[in-house]
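Okay, structure first, notes after.
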2 protein chains.
Amino acid sequence: MDTADGSPLARPAGSRRVTAAMVAREAGVSTATVSLVVSGKARGRVSAANQEKVENAVARLGYVVDTAGSSLSKGFSPVVVLIATDITNPFYAELISAARAALGDRYELLLSVSDPGSPTDPASIPRLISQRPAGFLIDAPNAELVASLPAGTRAVLLDAPGLSTTWPTVNLDVAGGAAELARHLADLGHRRVAYLDSVVEVETFRVRREAFCDTAADLGLEVGCQASSLTAVDDAASAFAKVWPAWQAAGISAVVGCTDTHAYGILAAARVAGVSVPDALAVAGFDDLPYSRHMSPSLTSVSLPARELGDAAGRALRAIIEGGDPGDHQVMLTSRLIRRDSTVPAPTR
Amino acid sequence: MDTADGSPLARPAGSRRVTAAMVAREAGVSTATVSLVVSGKARGRVSAANQEKVENAVARLGYVVDTAGSSLSKGFSPVVVLIATDITNPFYAELISAARAALGDRYELLLSVSDPGSPTDPASIPRLISQRPAGFLIDAPNAELVASLPAGTRAVLLDAPGLSTTWPTVNLDVAGGAAELARHLADLGHRRVAYLDSVVEVETFRVRREAFCDTAADLGLEVGCQASSLTAVDDAASAFAKVWPAWQAAGISAVVGCTDTHAYGILAAARVAGVSVPDALAVAGFDDLPYSRHMSPSLTSVSLPARELGDAAGRALRAIIEGGDPGDHQVMLTSRLIRRDSTVPAPTR
DNA sequence: CTGAAAGCGCTTACAG
DNA sequence: CTGAAAGCGCTTACAG
């Protein structure tokens with residue numbers, strides 16, 4: 001079966017693809033000249049007259065450089081792959097938007113996401129590398145994933161605390177923030193605290209949990225209880241609802257979620273269970289999402305700068321790709337505790 | 001500056017890439033034979049002995065087919081691009097997971113996402129096409145985006161009600177669900193209702209809103225008020241909090257959110273404002289996310305099957321790519337109204 | 001069943 | 001400043 005224009009149906013759109021050769025013919029120059037103009041390398045190498053001819057022909061024919069040919073020749077495509085685990089967290093929307101802006105027009109940002117609740121499968125790395133992306137941005141990896149990256153891969157890790165000195169990394173000071181949060185709760189007089197973790201086993205969550213638990217223990221707090229859930233608000237709510245009777249019986253008076261969305265779930269479930277926050281239970285999270293200040297009660301949170309993270313990682317990767325000065329390869333962005341009503345009781349305010 | 005193995009630093013990982021030629025040499029066969037074996041076309045064309053030699057060599061050398069070479073030769077890459085607007089909605093996590101499973105191992109699913117609150121820029125289509133993806137899955141597009149798809153593009157539209165008979169489409173019966181919801185509210189005695197829409201201007205949201213408003217009007221309801229917000233729960237909460245005083249003054253007794261996450265925001269804001277649901281205000285949404293039944297009160301919602309949508313679209317695209325029977329190109333998945341506590345008052349239950 | 005060879009579209013030294 | 005030509009790695013008729 002054929003389409004109206006006679007091309008076979010299962011044939012790719014490429015049947016009528018405009019090639020550099022067509023542009024060259026149209027402009028009366030060689031494909032080498034077309035390539036130089038189109039890739040922005042014409043300065044001092046192509047006459048103004050030819051440059052204009054090519055630009056006109058490109059516009060007339062609607063030419064777009066074919067990535068397959070270009071990738072094969074140059075060794076890499078314009079695609080940057082962002083590897084992410086939980087895109088449902090609004091933290092990502094900010095990160096992606098900032099990373100794309102930092103990478104600029106010459107690169108196309110595409111996401112490779114794992115199934116909900118699972119870390120990224122290391123087996124996907126070779127498949128992705130066979131695409132010859134210009135580079136990788138890898139958010140919240142675990143050790144296994146980092147170990148599976150072949151030497152020479154152009155990659156920047158994001159929020160990968162303590163994972164690598166080999167790979168350029170933009171970190172968030174999640175450990176410092178977690179410690180500050182533990183001190184905050186100790187100062188408020190809490191003696192037994194709990195932690196609601198993610199089911200996804202990645203390094204940043206391990207570090208958050210351990211830094212919080214270790215600091216709390218050092219301060220004489222008891223941190224006996226943990227539970228896990230997906231990042232989705234409502235999974236966290238169910239997880240909390242299920243463990244709360246036991247935690248309550250154990251005398252727990254404060255719960256920390258490993259992200260703000262987990263904390264939102266805790267707040268929601270606490271409300272349902274009739275637990276007054278912060279009087280009967282203090283609640284806090286990580287990320288300081290834009291909404292956290294508008295929660296009721298407003299949420300105490302370790303502020304982690306999503307846009308700065310995306311921006312710094314995007315810039316670093318771009319520098320690496322373009323062979324310029326990559327700058328400092330181990331960046332640590334500061335975090336700080338934002339104290340709000342979900343932990344600080346009214347009289348103290 | 002050079003790395004330990006002597007390759008220049010800014011050089012792609014490809015410097016030591018294993019090629020089909022190396023495999024061929026190792027196995028003592030031609031690259032044609034390697035290609036046939038690796039791409040699974042060896043049956044009846046390569047001797048068992050050579051097949052085994054190639055497989056061993058592939059394993060020894062860790063060969064992975066290079067996409068750039070393959071794409072150039074075949075005309076398309078193994079990448080399927082999913083174009084999506086609001087990945088923060090948990091609806092997507094399900095859709096993606098199902099679509100990937102339906103596409104199978106031979107394809108790599110990557111996401112192209114727009115900035116938060118914006119529909120996909122049509123200008124991104126030519127850039128994506130220049131990557132020669134095997135196909136596109138395009139969720140919740142608007143007319144402008146669909147119009148910008150060049151003829152011959154292998155694409156399946158998802159949740160694109162009324163947009164196209166040209167492109168294969170898997171639709172959700174959002175209009176039917178919206179109408180059923182309007183009837184449900186009329187049956188419960190509501191006279192004035194409101195609708196909280198998305199800021200993102202895509203067709204499925206327009207159809208939901210219009211079907212709801214038209215049916216409500218036909219039933220004699222007043223639907224004077226609308227407001228918009230991002231899909232994030234908390235944006236919807238702020239939007240609702242802002243308009244509620246006016247809506248309350250206007251006698252609104254029911255509000256429908258264009259997605260469940262919008263409805264979650266309405267529920268949260270209503271609680272903060274001390275508005276009793278469903279007695280003072282009925283609330284409902286679209287999607288019937290897994291959490292909706294666990295909300296408090298449980299949320300009335302138009303059930304839209306995310307996994308079925310991803311599965312059907314993935315299968316359809318795969319059939320199109322592989323030139324087999326694409327089956328019915330205009331699929332409509334059923335929706336139905338799930339009545340829960342957020343609209344049905346206790347005495348009626 | 002097998003391999004030599006053409007060709008996919010581009011980029012980049014290279015010679016002029 | 002310009003173009004002919006080689007080469008990136010693969011797939012696919014084609015001849016044997």
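Chain letters run A, B, ... following the sequence lines, proteins first, then strands; residues in each count from 1. Everything numeric in this text was worked out from a predicted model, so none of it was measured. All heavy atoms count here, side chains included; hydrogens, waters and symmetry mates do not.
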Check: side-chain contact (heavy atoms from CB on, under 4.5 Å) with A:Leu111: which of A:Asp139, A:Ile96, A:Val81?
Finding: A:Ile96
Next item on the list: Using side-chain contact (heavy atoms from CB on, under 4.5 Å) as the criterion, point out the one residue from A:Ile321, A:Val79, A:Leu317 that pairs with A:Tyr107.
Entry: A:Ile321
Note to self: For a 4.5 angstrom cut-off between non-hydrogen side-chain atoms, does A:Ser164 reach A:Leu157?
What the structure shows: yes
Checklist line | Flag side-chain contact, heavy atom, 4.5 Å: B:Thr85 against B:Ser118 | finding: no
Roughly how many Å is it from [atom1] in [X] to [atom2] in [N], rounded to a whole number?
{"X": "B:Asp66", "N": "C:dG9", "atom1": "CG", "atom2": "P", "value": "17 Å"}
{"X": "A:Arg132", "N": "C:dG9", "atom1": "CZ", "atom2": "P", "value": "17 Å"}
{"X": "A:Met22", "N": "C:dG9", "atom1": "CE", "atom2": "P", "value": "7 Å"}
{"X": "B:Arg45", "N": "D:dT11", "atom1": "CZ", "atom2": "P", "value": "12 Å"}
{"X": "A:Leu61", "N": "C:dG9", "atom1": "CG", "atom2": "C1'", "value": "15 Å"}
{"X": "A:Arg25", "N": "C:dG9", "atom1": "CZ", "atom2": "C1'", "value": "13 Å"}
{"X": "B:Gln51", "N": "C:dT2", "atom1": "CD", "atom2": "P", "value": "10 Å"}
{"X": "A:Arg43", "N": "D:dC1", "atom1": "CZ", "atom2": "P", "value": "10 Å"}

Note to self: I need the minimum non-hydrogen distance between B:Gly310 and B:Ala102, along with the two atoms involved.
What the structure shows: O-CB, 4.4 Å
Selection from [options] that lies nearest to any side-chain heavy atom of [X]:
{"X": "A:Ala32", "options": "C:dT2, C:dC10, D:dG3", "value": "D:dG3"}
{"X": "B:Leu72", "options": "C:dC8, D:dT12, C:dC1", "value": "C:dC8"}
{"X": "B:Val29", "options": "C:dG3, C:dT2, C:dG7", "value": "C:dG3"}
{"X": "A:Thr33", "options": "D:dC10, D:dT2, C:dC10", "value": "D:dT2"}
{"X": "A:Ala20", "options": "D:dG3, C:dC10, D:dC10", "value": "C:dC10"}

Margin query: Just by distance, no angles: are the side chains of B:Asp66 and A:Ser130 close enough, under 3.5 Å, to form a donor-acceptor pair?
Written below: no
Note to self: Testing the 3.5 Å rule here: is there a donor-acceptor pair between the side chains of B:Asn50 and B:Thr33?
What the structure shows: no
Checklist line | Duplex segments of DNA chain C, taken as runs of at least three Watson-Crick or G-U pairs that stay under 3.5 Å | finding: C:1-3 with D:14-16, C:5-12 with D:5-12, C:14-16 with D:1-3
Notebook entry, point to check: Under 4.0 angstrom, heavy atoms only, what part of the nucleic acid is B:Val34 near: base, sugar-phosphate, or nothing?
Noted result: nothing
Next item on the list: Please work out if A:Val65 contacts a base, only the sugar-phosphate, or nothing of the nucleic acid, heavy-atom cut-off 4.0 Å.
Entry: sugar-phosphate
Check: If you find the nucleotide of DNA chain C closest to B:Ser47 and the one closest to B:Gly69, which residue's nucleotide is nearer the 5' end?
Finding: B:Ser47
Under 4.0 Å between a side-chain N/O of [X] and OP1 or OP2 of [N], yes or no?
{"X": "B:Ser30", "N": "C:dG3", "answer": "yes"}
{"X": "B:Ser35", "N": "D:dT11", "answer": "yes"}
{"X": "A:Ser70", "N": "C:dT11", "answer": "yes"}
{"X": "A:Lys41", "N": "C:dT12", "answer": "yes"}
{"X": "B:Asn50", "N": "C:dC1", "answer": "no"}

Margin query: Counting only heavy atoms not in B:Arg60 (residues, nucleotides, ligands), do more than 12 fall under 6.0 Å from its CZ?
Written below: yes
